[in-house]
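Just so it is clear: chains get the letters A, B, ... in the order the sequence lines come, proteins before strands, and each one is counted from 1.
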Amino acid sequence: MRLKHGLMVTDAEGLAAVAEQLLGLLDKLKSGAARTQQLVDSSRRALTKLTERGGKERLSGLQEITGIFRPLLLVLSATFIVSVVLIGVCILSPMLKEKQLAVSVLGSMAALSLMCSMIVFTKSLNVARELAHNDDDDE
Amino acid sequence: MIDLKKLDAIQKIAQRVALLSLVVFILLIAFSGYKLYSINRQIDDKSKELEDKINWIKQKDEELAAKQAQLKELTDKYATLNRLYSQTVAASPESAKQAAVQEIEANPKTAQATIAVIEANPVTARILPPRVYIQIKDDSQRARAKEVVEKLRAGGFIAPGIEGVGEKAPPKTELRYFNQGDAAINDVRNIVEILKGENISVKETFVSGQENSNKIRARHYELWFGADFPPPARPPYRLPGVEKLDKPLPIKPIK
């Protein structure tokens with residue numbers, strides 16, 4: 001006898017083993033659902049912090065939303081800050097010959113890193129929003 | 001409860017910032033490209049200019065080498081001629097002089113070029129005879145100046161002629177010299193002696209800054225007669241004890 005989900009029963013004795021497997025699967029599904037619920041809750045909390053509160057709470061909400069892309073965002077932010085600092089150094093340095101070229105290259109780097117940061121932020125916001133929205137639908 | 005309107009607004013702001021950053025990025029990249037292009041063009045121009053300069057220097061080097069070769073050739077010729085001249089003069093001074101004059105008359109251009117080369121070189125210029133140019137204020141001084149010229153020529157100086165300079169003439173007669181070497185000091189002393197013999201007092205003036213000049217050769221002097229020239233004639237010789245002769249002294253016939 002062949003059942004769905006790759007379970008196979010050759011005789012009546014095999015039913016007990018299949019029952020065990022099915023129970024294990026049920027447990028796994030339950031824990032997955034709990035984790036999903038946890039994720040949804042955290043997204044909802046983060047979005048609420050971002051939209052309704054101010055100051056530190058908003059920053060913490062932002063951190064929670066962009067949690068998945070944090071390493072990328074850190075690299076982009078660091079690039080942006082370094083570019084801006086170097087632009088200042090170039091403007092103030094009297095020794096630099098091609099000041100305009102250096103400033104424009106560093107400026108383009110800063111603009112690119114800012115653009116990427118904004119795209120990543122928007123993307124994380126969309127993901128969080130989608131998770132929260134799905135939960136609303138489920139309810 | 002999530003404030004969706006506020007969330008939309010935040011998202012829109014983020015998108016606009018991203019878009020603005022993209023525009024800024026494109027503009028700055030375009031500007032950087034333009035700057036790079038102009039720098040490359042400048043480098044090309046400067047390279048071309050440098051190449052032209054190098055070619056010019058090469059050309060000048062070649063010209064210099066040619067001139068040096070020419071100078072060496074002329075110096076050798078001069079040395080040979082000088083040696084031959086010395087030998088000939090030692091053998092027969094008069095015929096040597098005549099031969100030299102004939103040679104100069106036959107080839108005036110070559111002779112002039114040779115003199116120019118000798119004059120241009122400070123080492124060879126020393127062997128040239130001293131030369132004095134005479135400057136007078138006006139024609140009233142010319143006759144007396146001619147006498148001085150003759151005296152100078154007789155003293156071994158070359159005196160090419162007399163030049164009228166008008167108001168440029170100094171108030172007092174000056175002897176201008178342009179070098180302070182032994183030969184120059186000796187020449188100046190000789191000129192002053194000759195002028196003293198003519199009852200002419202002269203102020204010796206050294207003109208600095210011409211020691212290495214190509215325009216003024218070695219042993220070149222200028223005698224500028226001032227307003228005090230010609231000097232008053234010497235008083236006539238008087239017999240001692242005789243103030244004035246009212247009438248000529250009686251001449252006694254010799255018996």
Side-chain angles (χ1 to χ4, degrees), chain A residues 40-54 58 61-62 65-66 73 76 79-80 83-84 87 90 96-136 139, chain B residues 1-68 209 212:
Chain A
V40 167
D41 286 346
S42 103
S43 295
R44 284 175 66 81
R45 203 169 46 247
L47 286 175
T48 312
K49 276 181 188 173
L50 191 70
T51 52
E52 291 182 3
R53 294 173 194 173
R58 183 172 283 183
L62 194 69
I65 286 169
T66 57
L73 261 179
L76 289 170
T79 311
F80 177 74
S83 304
V84 171
I87 287 170
C90 284
L96 198 65
K97 279 183 182 175
E98 292 300 334
K99 208 175 268 190
Q100 286 182 337
L101 182 65
V103 168
S104 63
V105 168
L106 288 168
S108 61
M109 206 161 84
L112 188 67
S113 54
L114 186 65
M115 186 186 75
C116 291
S117 303
M118 287 298 129
I119 289 169
V120 168
F121 172 65
T122 315
K123 187 75 186 167
S124 344
L125 214 59
N126 275 340
V127 169
R129 202 172 165 173
E130 214 170 301
L131 278 171
H133 188 63
N134 282 342
D135 189 56
D136 286 346
E139 280 172 7
Chain B
M1 190 67 185
I2 303 163
D3 188 349
L4 287 174
K5 279 186 182 175
K6 209 166 184 180
L7 203 62
D8 283 340
I10 291 170
Q11 254 182 327
K12 270 186 185 175
I13 289 170
Q15 281 167 357
R16 280 177 189 168
V17 171
L19 192 68
L20 190 70
S21 303
L22 180 67
V23 171
V24 171
F25 170 73
I26 289 168
L27 286 175
L28 287 174
I29 282 290
F31 180 71
S32 305
Y34 166 73
K35 281 299 287 180
L36 273 175
Y37 170 73
S38 62
I39 287 169
N40 274 334
R41 218 171 56 179
Q42 276 180 359
I43 289 170
D44 285 348
D45 289 349
K46 293 282 176 195
S47 300
K48 202 177 171 188
E49 207 176 311
L50 183 68
E51 204 175 319
D52 289 349
K53 292 270 179 201
I54 288 169
N55 286 337
W56 183 80
I57 289 168
K58 273 183 189 170
Q59 194 187 338
K60 289 290 167 194
D61 276 346
E62 283 168 10
E63 281 178 22
L64 182 68
K67 291 274 179 199
Q68 279 174 341
N212 298 316

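- Partners of B:Glu51 by salt bridge (Lys or Arg N to Asp or Glu O under 4.0 Å), not counting sequence neighbours: none found.
- No side-chain heavy atom of A:Leu112 sits less than 4.5 Å from a side-chain heavy atom of A:Phe80.
- Looking only at heavy-atom pairs under 4.5 Å with chain A, the residue among B:Ile10, B:Leu36, B:Leu7, B:Ile13 that has the most is B:Leu7.
- When the heavy atoms of residues 14-31 of chain B are compared with those of chain A, the residues falling under 4.5 Å are B:Ala14, B:Gln15, B:Val17, B:Ala18, B:Ser21, B:Leu22, B:Val24, B:Phe25, B:Leu28, B:Ile29, B:Phe31, listed by number.
- Residues of residues 40-48 of chain B placed with any heavy atom under 4.5 Å of a heavy atom in chain A are absent; none qualify.
- Taking CD1 of A:Ile119 as the reference point, atom OG of A:Ser124 lies at 11.5 Å (rounded to 0.5 Å).
- Taking the side chain as every heavy atom from C-beta outward, A:Arg129 and A:Leu125 never approach each other to under 4.5 Å.
- Between the NZ atom in B:Lys53 and the NZ atom in B:Lys60 there is a gap of 11.5 Å [rounded to 0.5 Å].
- The stretch residues 98-110 of chain A participates, sequence neighbours left out, in these side-chain hydrogen bond (donor to acceptor under 3.5 Å, both in side chains) pairs: A:Gln100-B:Lys35, A:Ser104-B:Ser32.
- Note that OG1 of A:Thr122 is 11.0 Å distant from CD1 of A:Ile65, once rounded to the nearest 0.5 Å.
- Taking CD of B:Gln59 as the start and CG of B:Asp52 as the end, the distance is 11.0 Å to the nearest 0.5 Å.
- Proximity of B:Asp8 to B:Lys12: side-chain heavy atoms (C-beta onward) are nowhere separated by under 4.5 Å.
- Remark: A:Met118 CE to A:Leu73 CG distance equals 9.0 Å, nearest 0.5 Å.
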